[in-house]
Amino acid sequence: MCEMNLGKENATTAFFESMDDITEAIKAMTAMLNRYNRAELFIGINHKGFPCGNDMTDEDIFRIDRTITC
C-alpha cells in the first residue's frame, strides 16, 4: 500500500491531525494570511505529512466555515 505524503510544514502550510485542533488551525491561518497573504491548512494530516485516517464530515466543514465567519 502506498501512502500519500504532503511534504513538510512551512511558513504558509500547516498540518493538523483532527478537528480538535480547529482553534489552533484558525489562529495559524490568520497569522499566515497577515504575514504572507497565503495559507494552506490540512486537517487530518500528521506533523510528518501523512494522513491520519480522520474523515471530514459535512458537520466538520460547517464548523470550520462558522468558526472563520464569526
Side-chain angles (χ1 to χ4, degrees):
M1 182 171 139
C2 179
E3 286 194 42
M4 175 181 24
N5 183 298
L6 295 176
K8 297 181 179 181
E9 294 178 301
N10 59 44
T12 60
T13 303
F15 302 141
F16 297 91
E17 291 193 15
S18 72
M19 284 295 295
D20 294 339
D21 302 324
I22 190 64
T23 302
E24 183 181 339
I26 299 301
K27 288 178 184 177
M29 179 184 71
T30 302
M32 289 176 201
L33 290 172
N34 283 335
R35 184 163 185 180
Y36 301 104
N37 294 319
R38 177 181 173 180
E40 292 182 297
L41 301 179
F42 295 90
I43 298 172
I45 307 297
N46 69 19
H47 69 282
K48 293 182 179 182
F50 290 98
C52 349
N54 297 321
D55 292 328
M56 296 291 290
T57 64
D58 289 339
E59 185 177 324
D60 291 333
I61 294 168
F62 176 76
R63 184 174 161 205
I64 293 168
D65 181 58
R66 185 170 178 165
T67 302
I68 292 171
T69 57
C70 286

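Please read these numbers as outputs of a predicted model, since none were measured by experiment.
- When all heavy atoms of Gly7 and Phe15 are compared, the pair lying nearest together is O-CE1, 3.5 Å.
- Shortest non-hydrogen contact noted between Phe42 and Leu6 is CD2-CD1, 3.7 Å.
- Between Ala25 and Leu41, the closest heavy-atom pair is O-CD1, 3.3 Å.
- For the side chain to side chain donor-acceptor pair (under 3.5 Å) condition, the pairs that include at least one residue of residues 27-39, sequence neighbours left out, are Arg38-Glu40.
- The structure places CZ of Arg66 at 11.5 Å from CD of Glu59, a figure rounded to the nearest 0.5 Å.
- With sequence neighbours excluded, the residues that form a side chain to side chain contact (heavy atoms under 4.5 Å, CB included) with Asp20 are Ser18.
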- Query: Between Asp60 and Ile22, is a side-chain contact (heavy atoms from CB on, under 4.5 Å) present by the stated rule, with each step listed?
  - Reply: CA-CA 10 Å; Asp60 291 333; Ile22 190 64; over 6 Å; no
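- Checking side-chain atoms of Asp65 against main-chain N and O of Phe62 turns up no donor-acceptor pair under 3.5 Å.
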- Item | Candidate pair Asn10 and Thr12, rule side-chain hydrogen bond (donor to acceptor under 3.5 Å, both in side chains), full reasoning | CA-CA 6 Å; Asn10 59 44; Thr12 60; 3.3 Å; yes
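- Using a 4.5 Å cut-off between side-chain heavy atoms of Ile, Leu, Val, Met, Phe, Trp and Tyr, with links allowed through other members, Met19 and Ile68 fall into the same hydrophobic cluster.
- Every residue meeting the side chain to side chain contact (heavy atoms under 4.5 Å, CB included) condition with Ala39, not counting sequence neighbours, appears here in chain and number order: Met29, Met32, Leu33.
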